[in-house]
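What follows is a single structure, written as structure tokens, with notes after it.
Order of the sequence lines fixes the chain letters, A, B, ..., with proteins taken first and strands second; residue numbering starts at 1 for each chain. This one's a predicted model, so the numbers in the text were calculated from it and none came from an experiment.
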Amino acid sequence: MLFSKLFGKTLKEKPTDTEVSSHALMERAGLISQVVSGVYSYLPMAWNSLLRIESIIREEMNTIGSQELHLPVLQPAELWDSTGRKDLFGQNLFTLEDRRNRTLVLAPTHEEVLTSLVAANVQSYKDLPFILYQIQTKFRDEERPRGGLLRCREFHMKDAYSFASNSDQLDSAYEDMIQAYNNIFDRCGLSTVMVEADSGAIGGKDSHEFIALSNIGEDSIAICTSCKYGANVERAEFVKPVNSGNSSNATPEEVHTPGITDINALSSFLNVSKSDLLKSMFYLADGKLIVVVLEGDYEVNEIKLRNTLNIKDLAIASDSLIRSAGFIPGFASPVGDHKDVTVVVDDSVIENKNYVVGANKVDYHLKNVQYGRDFKKTTVSIEIGSDLALVKDGDLCLHCNSKLKIEKGIEIGHVFKLGTAYSEKLNAYFVGADGVRQPIIMGCYGIGVGRILSASIEQNHDPNGIIFPKLIAPYDVSLLGLNVEQEDVKNEADSLYELLTSSGANVLYDDRIESPGVKFNDADLIGLPIRLVVSARNIDQGVIEVKKRSDSDAVKISKDEVVKYVTDLL
RNA sequence: CGGGGUGUGGCGCAGCGGGAGCGCGCCUGUUUUGGGAACAGGAGGUCGUCGGUUCAAUCCCGACCACCCCGACCA
């Protein structure tokens with residue numbers, strides 16, 4: 001490719017509306033251009049990269065025996081009603097009407113269409129198992145798109161679905177997929193970790209996310225510093241120490257605590273550790289007031305809370321609501337008789353004794369309070385020992401007791417064992433060897449193609465620009481002709497371009513009449529893996545200068561050997 | 001959905017009740033040539049939209065829209 005013909009201009013300055021570096025660099029290097037919030041045009045260089053990423057994905061998907069197909073974006077809304085996901089996606093679902101006033105949706109994902117397609121094509125266990133996948137544009141009306149290609153409203157995603165007649169087949173597809181994902185991210189130059197994930201409202205049992213570590217990421221994960229455990233903080237579990245303190249059965253006693261309304265103040269006022277205090281958090285859950293009780297050094301994990309109680313709408317309760325239920329904010333606790341309130345207790349509270357809790361009376365707390373005797377969980381059918389606490393940095397790993405570390409990252413892949421939730425709703429059944437009709441067991445597996453590009457740039461850049469991993473770079477080589485107005489430079493650069501191109505390299509040849517500084521800076525900004533310099537000075541020495549974008553120094557290679565040298569690096 | 005910010009040429013920005021400007025980029029010419037060259041000349045803008053105030057609005061007032069950030073939310 002001749003730089004003089006390349007569509008897409010580089011910019012000297014960072015565009016105003018870009019905050020994260022990958023986004024700014026992609027705009028500056030002329031890779032993408034925003035059309036509206038969360039929607040981008042991919043210019044030729046970005047498109048080259050995305051196609052290379054897609055072909056890596058295809059290779060790895062095909063290697064594990066998946067078949068590619070292509071499903072529509074435009075889908076009838078009723079299909080989404082049949083699984084209840086129209087409501088679940090809610091505002092995030094783009095909907096439109098056709099000329100006959102039929103409501104259609106722009107698909108945010110494809111479980112529904114594919115499962116109904118499969119339902120019509122699978123009758124017997126002999127038809128199973130198999131994996132289907134596609135790379136498709138998806139639409140989600142995100143409330144807050146951000147970070148360029150990191151969170152878009154229109155984006156490319158690879159989605160794969162496995163269909164099995166028994167759980168061994170599902171497990172095996174899941175394992176194959178994990179292996180394929182690791183290969184894909186590896187080849188794309190990404191450093192990722194696989195962690196346990198929350199499987200959400202219609203999820204199955206197992207679910208893992210692939211996270212590209214990055215401090216601009218929107219996901220937080222807890223990783224064990226010693227063993228292999230890692231989980232999204234949404235579901236991360238950790239050791240909750242049992243207090244060794246006194247285990248006497250002292251009776252509750254009021255303590256005067258004037259103006260002490262929060263855990264930190266109470267802890268220092270009474271000179272007891274926060275884990276000896278109980279925190280009562282009030283929520284409005286699907287219209288009902290609930291109080292979550294946990295030790296003072298923990299925060300409520302709202303995802304765990306939602307999952308445990310199967311809550312759809314969850315919000316912090318207002319002070320007025322708390323008061324009207326007979327509690328005093330700041331001095332509230334579940335101790336006492338509270339008919340209309342559901343009490344939910346974190347498992348850390350079950351074993352320990354002699355907590356300090358609010359007295360439901362202004363300026364007073366109670367000490368020597370214990371679960372079971374002085375208050376208990378009410379009504380709801382949760383098992384004792386529900387874990388409702390949010391992991392924090394330094395908590396201990398349940399598996400090896402080492403410290404957990406909290407990291408941020410970008411979710412670039414997600415795998416789920418869906419089970420039979422979709423096949424039951426969409427009537428995708430098969431007849432087993434025993435003659436019994438049963439639902440197909442499913443898994444689903446997504447990868448954000450644009451997110452791979454963004455995350456990869458996020459992990460691979462320096463102050464001068466992008467440092468493209470070699471397998472996903474838009475071109476392999478930047479060939480700079482310095483002062484190509486000089487005939488010998490132009491001839492030399494032209495012929496090197498021909499030689500490299502014919503030996504299989506994808507070369508971006510900077511043939512522009514521009515000063516050397518401009519060319520060096522653009523080459524750094526675009527960040528192709530290898531840079532070659534042809535100049536009068538180098539011609540005199542009979543060499544071509546070769547520099548890897550990731551290295552700081554260049555090497556001089558003789559003209560005759562440079563093509564081999566470069567193609568060996570590819 | 002709450003809070004904050006910004007809308008002026010392709011990009012980055014300044015400005016101001018009465019001539020729409022600067023830097024970068026772009027075009028032409030001359031000189032230059034290894035890390036964003038110099039000089040000269042030139043093209044390019046309904047100042048986000050609508051309404052109001054005023055003799056006069058890019059500027060003041062109001063509404064709306066768009067975009068960005070923080071939070072909430074998010075298989």
Query raised in the report: Checking all strands, does A:Arg512 fall into the base, sugar-phosphate, or nothing category for heavy-atom contacts under 4.0 angstrom?
Result: nothing
Query raised in the report: Taking OP1 and OP2 of B:G34, is either one under 4.0 Å from a side-chain nitrogen or oxygen of A:Ser535?
Result: no
**Report entry** Sugar-phosphate, base or nothing in reach of A:Thr16, heavy atoms under 4.0 Å
**Finding:** sugar-phosphate
Query raised in the report: Does any nucleotide pair with B:G23 by Watson-Crick or G-U wobble geometry, both distances under 3.5 Å, and what is it?
Result: B:C11
Query raised in the report: Does any nucleotide pair with B:G17 by Watson-Crick or G-U wobble geometry, both distances under 3.5 Å, and what is it?
Result: none
Requested in this report: Verify, without hydrogens or angle tests, whether A:Glu545 (side chain) and A:Asn538 (backbone) share a donor-acceptor contact under 3.5 angstrom.
Outcome: no
Query raised in the report: Between A:Arg144 and B:C73, does any side-chain N or O lie under 4.0 Å from OP1 or OP2?
Result: no
Query raised in the report: Charged N to carboxylate O under 4.0 angstrom, A:Glu299 versus A:Lys279?
Result: yes
Query raised in the report: Hey, is A:Arg146 close enough to A:Glu19 for a salt bridge, meaning N to O under 4.0 Å?
Result: no
Query raised in the report: Just how far, in rounded Å, is P of B:C67 from CD of A:Glu143?
Result: 14 Å
Query raised in the report: So which one's nearest nucleotide on RNA chain B is more toward 5', A:Asn538 or A:Arg146?
Result: A:Asn538
Report task. Please state the C1' separation for the pair B:G3 and B:G45 - nearest whole angstrom. Result -> 34 Å
Requested in this report: For the residue pair A:Trp47 and A:His156, categorise the inter-ring angle as parallel (less than 30°), tilted (30 to 60°) or perpendicular (more than 60°).
Outcome: perpendicular
Report task. Return the nucleotide paired to B:U28: Watson-Crick means purine N1 to pyrimidine N3 with N6-O4 or O6-N4, wobble means G-U with N1-O2 and O6-N3, both under 3.5 Å. Result -> B:A40
Requested in this report: For A:Glu545, report the nucleic acid contact type (base, sugar-phosphate, nothing); a contact means any heavy atom under 4.0 Å.
Outcome: base
Report task. Looking at every strand, decide which applies to A:Gln34 at a 4.0 Å heavy-atom threshold: base, sugar-phosphate, or nothing. Result -> sugar-phosphate
Query raised in the report: Taking the inter-plane angle between the rings of A:Phe210 and A:Phe185 on a 0 to 90° scale, is it parallel (under 30°), tilted (30 to 60°) or perpendicular (over 60°)?
Result: tilted
Query raised in the report: Checking all strands, does A:Lys9 fall into the base, sugar-phosphate, or nothing category for heavy-atom contacts under 4.0 angstrom?
Result: nothing
Report task. Check every atom of B:G12, B:C67, B:C74 against the side chain of A:Val36 and return the nucleotide holding the closest atom. Result -> B:C67
Query raised in the report: For the pair made of CZ in A:Arg140 and C1' in B:A75, what is the distance, rounded to whole Å?
Result: 7 Å
Query raised in the report: Paired with B:U6 by Watson-Crick or G-U wobble geometry, both distances under 3.5 Å: which nucleotide is it?
Result: B:A66
Requested in this report: Scan A:Glu218 against the nucleic acid and name what it touches under 4.0 Å (heavy atoms): base, sugar-phosphate only, or nothing.
Outcome: nothing
Query raised in the report: Which is true for A:Asn521 with a 4.0 Å heavy-atom rule: it touches a base, it touches only sugar-phosphate, or it touches nothing?
Result: base
Query raised in the report: So what does A:Asn483 hit on the nucleic acid, given a heavy-atom distance under 4.0 Å: a base, only sugar-phosphate, or nothing?
Result: base
Query raised in the report: Heavy atoms under 4.0 Å, any strand shown: does A:Arg306 hit a base, just sugar-phosphate, or nothing?
Result: sugar-phosphate
